[in-house]
Amino acid sequence: MSIITARDVTLSFGQTPALRGASLTVEAGEVLAVMGPSGSGKSTLLHCLAGILTPDDGEIHFDGRRLDTLDETARSALRRDTFGFVFQFGQLVPELTAEENVALPLLLHGVRRTAAVRAAREWFPRLGLDGLERRRSGELSGGQAQRVALARGLVARPRVLFADEPTGALDSLTGEHVMDLLVDSAREQGTTVIVVTHEPRVAAYAGREVVVRDGKVHSLAGEPVGS
Ligand SMILES: Nc1ncnc2c1ncn2[C@@H]1O[C@H](COP(=O)(O)OP(=O)(O)OP(=O)(O)O)[C@@H](O)[C@H]1O
Ligand SMILES: [Mg+2]
């Protein structure tokens with residue numbers, strides 16, 4: 001059963017076309033890798049699927065509902081309650097400690113502070129982050145911050161996790177460990193994962209790979225992906 005469908009999505013930033021008729025169907029529970037050259041439109045596609053950006057044209061459906069025509073209030077509720085994110089850049093709140101950053105989605109769900117922080121802390125040993133719970137993001141290495149962001153993306157057991165190069169700052173061993181955890185958590189929690197990556201080794205963890213080229217989605221074999 002499909003959970004997300006994009007049909008002929010186009011989006012330009014001023015004169016720069018980022019998506020030129022991108023179509024994609026994502027099955028519920030699958031781990032999908034999105035690959036493709038720098039600047040091809042991967043992040044833009046992810047942001048459209050997640051309701052962060054609104055396409056100029058085309059349609060996006062989530063769980064049988066039209067997503068791209070929802071108003072901002074409805075879309076932000078969906079992002080808060082249903083989706084998890086690991087963004088490509090600058091994602092932790094610098095004023096908060098690592099554990100507070102991870103607890104954030106739970107707090108937004110109305111979980112009490114003590115319970116939210118307790119649940120957040122459980123992720124630290126799993127991600128090799130023992131002892132870093134109270135650090136602020138400026139006191140973490142790039143790879144540590146990335147793992148904190150991953151924990152934050154998963155902590156609220158989202159239906160869909162959108163992860164934009166979640167292993168970009170990690171060495172290959174840590175990257176593999178993180179992908180193991182991502183795939184295991186997805187299976188355990190029934191989370192659908194859409195992961196953008198440049199690394200074939202990371203993509204190998206996914207059940208399926210697609211390639212974005214010039215703002216369109218292709219299968220690994222090079223065929224355009226229909227919806
Ligand atoms: N906010 C923006 N304003 C203007 N142009 C943008 C903006 N965001 C992206 N673009 C342009 O849209 C195109 C697609 O960008 P996008 O970030 O989706 O690429 P990407 O595939 O994620 O690349 P990378 O692998 O480098 O992260 C690029 O030409 C980029 O320069
Ligand atoms: Mg990108």
Side-chain angles (χ1 to χ4, degrees), residues 4-26 30-62 67-68 72 75-76 79 83-92 137 141-143 145-150 152-154 158 160-172 174-176 178-179 182 192-206 208-227:
I4 295 180
T5 310
R7 214 170 280 149
D8 285 331
V9 171
T10 62
L11 180 76
S12 296
F13 295 102
Q15 299 299 316
T16 311
L19 296 176
R20 316 168 183 240
S23 296
L24 177 67
T25 298
V26 184
E30 80 167 320
V31 178
L32 175 72
V34 178
M35 302 194 68
S38 178
S40 59
K42 304 181 298 296
S43 294
T44 309
L45 176 65
L46 206 69
H47 294 166
C48 285
L49 297 178
I52 296 167
L53 287 174
T54 308
D56 297 331
D57 216 339
E59 294 181 10
I60 295 171
H61 297 256
F62 168 71
L67 175 85
D68 54 296
E72 181 49 35
R75 276 191 291 139
S76 68
R79 293 197 297 262
F83 296 160
F85 299 94
V86 186
F87 291 111
Q88 189 171 8
F89 302 111
Q91 36 199 348
L92 299 181
S137 61
S141 75
Q146 200 159 42
R147 279 174 282 162
V148 169
L150 186 83
R152 189 178 58 183
L154 285 166
V160 185
L161 179 73
F162 297 93
D164 201 345
E165 307 205 21
T167 61
L170 302 177
D171 63 87
S172 58
T174 313
E176 284 173 28
V178 160
M179 283 309 295
L182 195 71
T192 303
V193 179
I194 306 176
V195 53
V196 172
T197 182
H198 279 118
E199 301 166 67
R201 272 160 54 129
V202 168
Y205 282 82
R208 183 165 66 104
E209 296 170 42
V210 293
V211 182
V212 177
R213 217 173 283 122
D214 294 329
K216 285 190 176 167
V217 186
H218 301 264
S219 70
L220 254 196
E223 306 283 326
V225 177
S227 44

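Just follow the structure's listing: the first ligand is 1, and inside any ligand the first atom is 1.
Smallest separation of non-hydrogen atoms from Val86 and Ala149: CG2-O, 3.9 Å. When all heavy atoms of Ser43 and Asp164 are compared, the closest pair comes out as OG-OD2, 2.6 Å.
Screening Ile4, Val195, Leu24 for a side chain to side chain contact (heavy atoms under 4.5 Å, CB included) with Leu32, the sole residue that qualifies is Leu24. Among the candidates Val26, Val193, Leu49, Thr192, the single residue satisfying the side chain to side chain contact (heavy atoms under 4.5 Å, CB included) test with Val160 is Thr192.
For the Mg ion (ligand 2), the N/O/S atoms of Ser38 include none lying under 2.8 Å.
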Which is it for Thr167 and Gln146 under the side-chain hydrogen bond (donor to acceptor under 3.5 Å, both in side chains) test, yes or no, and what are the steps along the way? CA-CA 7 Å; Thr167 61; Gln146 200 159 42; over 6 Å; no

One pair to check against side chain to side chain contact (heavy atoms under 4.5 Å, CB included): Phe62 and Thr5. What are the steps and the verdict? CA-CA 7 Å; Phe62 168 71; Thr5 310; over 6 Å; no

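Listed as neighbours of ligand 1 are Phe13, Thr16, Ala18, Pro37, Ser38, Gly39, Ser40, Gly41, Lys42, Ser43, Thr44, Gln88, Glu165, His198, each bearing a heavy atom under 4.0 Å from the ligand.
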